[in-house]
Q: 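Here it is, the structure, as structure tokens.
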Amino acid sequence: ACTGIENIDEAITLLEQNNWDLVAAINGVIPQENGILQSEYGGDTLHGPAYGPTSHPTAASSTPSSSSAFRHVVPSRQIVERQPRMLDFRVEYRDRNVDVVLEDTSTVGDIKHILENELQIPASKMLLKGWKTGDVDDSTVLKTLHLPKNNSLYVLTPDLPPPSSSHSGALQESLNQNFMLIVTHREVQREYNLNFSGSSTIQEVKRNVYDLTSIPVRHQLWEGWPPSATDDSMTLAVSGLTFPCHRLTVGRRSSPVQTREQSEEQCTDVHMVSDSDGDDFEDATEFGVDDGEMFGVASSALRKSPMMPENAENEGDALLQFTAEFSSRYGDCHPVYFIGSLEAAFQEAFYGKARDRKLLAIYLHHDESVLTNVFCSQMLCAESIVSYLSQNFITWAWDMTKEANRARFLTMCTRHFGSVVAQTIRTQKTDQFPLFLIIMGKRSSNEVLNVIQGNTTVDELMMRLMAAMEIFSAQQQEDIKDEDEREARENVKREQDEAYRISLEADRAKREAQEREMAEQFRLEQIRKEQEEEREAIRLSLEQSLPPEPKEESTESVSKLRIRTPSGEFFERRFLASSKLQVVFDFVASKGYPWEEYKLLGTFPRRDVTQLDPNKSLLEVKLYPQETLFLEAKE
């Protein structure tokens with residue numbers, strides 16, 4: 001809070017330089033022109049130490065010194081002026097990246113001087129590019145550029161020749177190689193086989209060994225490093241290690257009694273053993289600081305948060321916390337964990353179409369295992385493993401650290417995999433965790449193909465994942481074949497059912513058409529019959545209403561009519577000359593030729609008799625004494 005230093009490693013280094021005198025360390029880094037920080041413990045006035053930040057650590061002095069490289073601060077109860085910001089720069093040069101951290105009161109030239117030491121390139125030959133405000137000169141103060149906290153720059157060296165391609169190729173090949181480090185823990189006589197890429201640094205090796213042995217980096221005493229390995233930031237490829245396998249021994253350096261003289265020796269020895277800034281906060285008790293509280297910060301705030309809440313009611317919520325905590329510990333490059341219950345993970349992995357099915361990988365985490373950090377950071381978060389899991393697996397996770405969560409998983413395991421698998425997991429010791437279970441779904445059950453323990457390597461883990469994938473692929477091909485055959489049978493059955501349905505529809509339509517046709521024929525027949533019956537009734541009525549035919553020897557004038565039908569037949573009848581023409585029409589109609597449908601034509605002259613007035617007599621229409629007429633259907 002006073003200094004603005006957020007990096008714990010940097011803070012512990014400053015405390016070591018000041019013999020763990022908190023007030024002296026704060027006085028040494030707060031950039032104030034005048035003032036003295038008052039001790040809240042004794043009320044005495046304390047002054048800054050008489051050495052600069054780059055000098056060797058010495059005992060803190062309580063006497064003011066005009067040669068001090070640090071400036072005093074105003075009393076803590078007064079308002080302190082604005083402190084300089086710390087700016088982070090990532091500088092890229094060819095195939096290297098250099099991280100630089102400076103106060104914003106520094107200049108661009110200060111960055112170049114740091115890069116000169118790191119890159120072994122004269123500052124005068126560098127062109128520092130990537131500034132948001134355009135090009136700047138070496139005297140430009142960073143504060144005037146109004147930069148964000150994190151910045152990216154790159155270095156150009158147009159005046160320098162490019163590096164030799166053969167040397168660059170050999171270096172790149174070395175960086176891509178994997179080194180097997182056989183590390184022996186001296187105190188417990190235990191060996192660890194660790195795989196590191198050539199691009200890993202000595203610092204990363206020491207940090208990972210801390211995860212395995214619980215020996216902080218600053219207390220590690222090593223044997224077996226090559227003489228050329230003088231800097232913890234050096235990569236394994238250029239450190240001179242024996243390829244492909246190199247043996248090392250590590251032990252814990254004993255903690256000296258905290259006298260002033262021994263403190264000086266201790267600080268010197270720490271940097272002789274390891275130049276790493278990765279000192280770990282957990283060992284503050286060795287310097288007399290109480291486990292419960294350090295600098296006013298409760299120890300619980302420094303411990304890792306649990307991966308999963310104990311007795312979580314909802315598995316999805318527990319997996320959300322697990323994923324968030326895993327990301328905070330090991331970074332964002334990690335397997336995509338399925339969020340949901342184990343049953344839902346089964347459904348996602350096993351119960352889709354055969355082509356879409358995947359293996360199920362169950363990761364069982366345990367915070368108390370010494371292998372957990374190395375397994376997670378080096379194996380589980382390796383890009384090759386993450387990519388392979390994402391393509392071929394559904395990954396589900398569970399934390400076995402808490403007893404309640406452990407019991408809950410064993411219950412789920414018994415239900416889904418049987419008591420044998422549950423007993424196998426139950427008998428695993430803490431140091432054998434984490435576990436990686438590979439599950440393959442079958443028609444009637446779920447089979448555990450492999451149980452991978454935490455003491456493995458990236459290559460071995462990848463080989464076992466690929467071996468499980470081969471078994472799964474063979475089973476998947478059979479399932480795909482069975483599914484295709486089943487779908488083919490179902491398609492044939494569907495086609496047959498569809499053809500049968502269409503046939504039934506056609507038969508029904510045909511039957512309905514026939515029924516409609518028959519009904520129409522019946523209706524027309526009925527109409528025809530009714531019409532015939534009606535016509536016959538009319539004919540009979542007309543026949544009965546006709547006057548009697550006069551006899552040939554009648555004394556009255558008689559007209560004899562001969563009528564030819566359309567079929568060529570003739571019929572004759574005598575009528576009184578005084579009879580109306582309507583009587584002739586009725587007679588013709590009684591023979592089945594109604595005048596509404598037929599016309600009666602005369603021959604000489606040709607005329608349409610039906611157009612004449614039916615109330616006139618035959619004599620008047622000149623159908624006397626005899627006439628031949630013929631019937632013709634009207635259009």
Q: Determine whether the side chains of Q321 and D317 contain a donor N or O and an acceptor N or O closer than 3.5 Å.
A: no
Q: Would you say W225's side chain and T230's backbone share a donor-acceptor pair under 3.5 angstrom?
A: no
Q: Closer than 3.5 angstrom, by distance alone: can the side chain of R406 be matched with the main-chain N or O of M400 as a donor-acceptor pair?
A: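 Checked: no pair found.
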Q: Do N178 and D459 have side chains that get closer than 4.5 Å, going by heavy atoms?
A: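 Yes, their side chains come closer than 4.5 Å.
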Q: Given 3.5 Å as the limit, does a donor-acceptor pair link the side chain of S152 with the main chain of R90, or not?
A: no
Q: Excluding sequence neighbours, so at least two apart, what forms ring pair (Phe, Tyr, Trp, His ring centres under 6.0 Å) with Y154?
A: none
Q: Please tabulate, for the side chains in residues 240-248, all donor-acceptor contacts under 3.5 angstrom to protein atoms that are two or more places apart in sequence or on a different chain.
A:
| residue | atom | partner | partner atom | Å |
| --- | --- | --- | --- | --- |
| T242 | OG1 | H246 | ND1 | 3.4 |
| H246 | ND1 | T242 | N | 3.1 |
| H246 | NE2 | G224 | O | 2.7 |
| R247 | NH1 | E191 | OE2 | 3.1 |

Q: Should the pair Y363 and Y337 be assigned to parallel (<30°), tilted (30 to 60°) or perpendicular (>60°) ring geometry?
A: parallel
Q: Looking at R329 and A324, would you say the former's side chain and the latter's main chain have a donor-acceptor pair under 3.5 Å?
A: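 Flag not set: sc R329 to bb A324 has no pair under 3.5 Å.
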Q: Could you check whether T401 and D399, counting side-chain N and O atoms only, form a donor-acceptor pair closer than 3.5 Å?
A: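 Per modelled atom types, D399 and T401 side chains form a pair under 3.5 Å.
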Q: Between E187 and V250, which heavy-atom pair has the shortest distance, and what is it?
A: OE1-O, 4.1 Å
Q: Does E478 pair with K481 as a salt bridge, N-O distance under 4.0 Å?
A: no
Q: Return a table of donor-acceptor pairs under 3.5 angstrom between the side chains of residues 413-421 and protein atoms on other chains or two or more places apart.
A:
| residue | atom | partner | partner atom | Å |
| --- | --- | --- | --- | --- |
| T414 | OG1 | L410 | O | 2.9 |
| R415 | NH2 | E343 | OE2 | 2.8 |
| H416 | NE2 | E343 | OE2 | 3.0 |

Q: Check whether any side-chain N or O of N151 sits under 3.5 Å from a backbone N or O of L87 as a donor-acceptor pair, and report yes or no.
A: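 No.
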Q: Which residues satisfy the salt bridge (Lys or Arg N to Asp or Glu O under 4.0 Å) test with R355, sequence neighbours excluded?
A: D484
Q: Does the side chain of Y330 come under 3.5 Å of the side chain of N373 through a donor N or O and an acceptor N or O?
A: yes
Q: Can you find a side-chain donor-acceptor pair between D367 and H365 that sits under 3.5 Å?
A: yes
Q: Apply salt bridge (Lys or Arg N to Asp or Glu O under 4.0 Å) to E223 and list each qualifying residue two or more places apart in sequence or on a separate chain.
A: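 With neighbours one apart ignored, the set is R186.
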Q: May I ask you to decide if T213's main-chain N or O and R252's side chain share a donor-acceptor pair within less than 3.5 Å?
A: no
Q: If you measure from the Lys or Arg side-chain nitrogens to the Asp or Glu carboxylate oxygens, is any gap between R96 and E92 under 4.0 Å?
A: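 No salt bridge links R96 with E92.
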Q: Is the shortest side-chain N to carboxylate O distance from D497 to K493 below 4.0 Å?
A: yes
Q: Whether E348 and K358 form a salt bridge (side-chain N of Lys/Arg under 4.0 Å from carboxylate O of Asp/Glu) is what I want to check.
A: no
Q: Strictly below 4.0 Å, N to O, side chains only: are D232 and R207 in salt-bridge contact?
A: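 No, D232 and R207 are not salt-bridged.
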Q: For the residue pair R426 and Q423, confirm or rule out a side-chain donor-acceptor distance under 3.5 Å.
A: yes
Q: Can you tell me if T201 uses its side chain to pair, donor with acceptor, with the backbone of T235 under 3.5 Å?
A: no
Q: Kindly write out the residues that satisfy side-chain contact (heavy atoms from CB on, under 4.5 Å) with Q378, not counting sequence neighbours, or none if the list is empty.
A: F196, N208, V374
Q: Consider only side-chain N and O atoms of Y192 and T184, and report whether a donor and an acceptor are under 3.5 Å apart.
A: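 No donor-acceptor contact under 3.5 Å links the two side chains.
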Q: Verify, without hydrogens or angle tests, whether Q391 (side chain) and Y388 (backbone) share a donor-acceptor contact under 3.5 angstrom.
A: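 No, the answer is negative, given that no donor and acceptor are paired below the 3.5 Å cut-off.
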Q: Kindly say whether H366 contributes a backbone atom to a donor-acceptor pair with the side chain of S369 at under 3.5 angstrom?
A: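 No, S369 side chain to H366 backbone: no donor-acceptor pair under 3.5 Å.
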Q: Please report the interatomic distance OG1(T13) to CZ(R218), rounded to the nearest 0.5 Å.
A: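 Between T13 OG1 and R218 CZ, I get 9.0 Å after rounding to 0.5 Å.
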Q: Looking at S239 and S228, what are the two nearest heavy atoms and their distance?
A: O-OG, 2.6 Å
Q: Taking E10 for its side chain and I5 for its backbone only, find out whether a donor-acceptor pair lies under 3.5 Å.
A: no
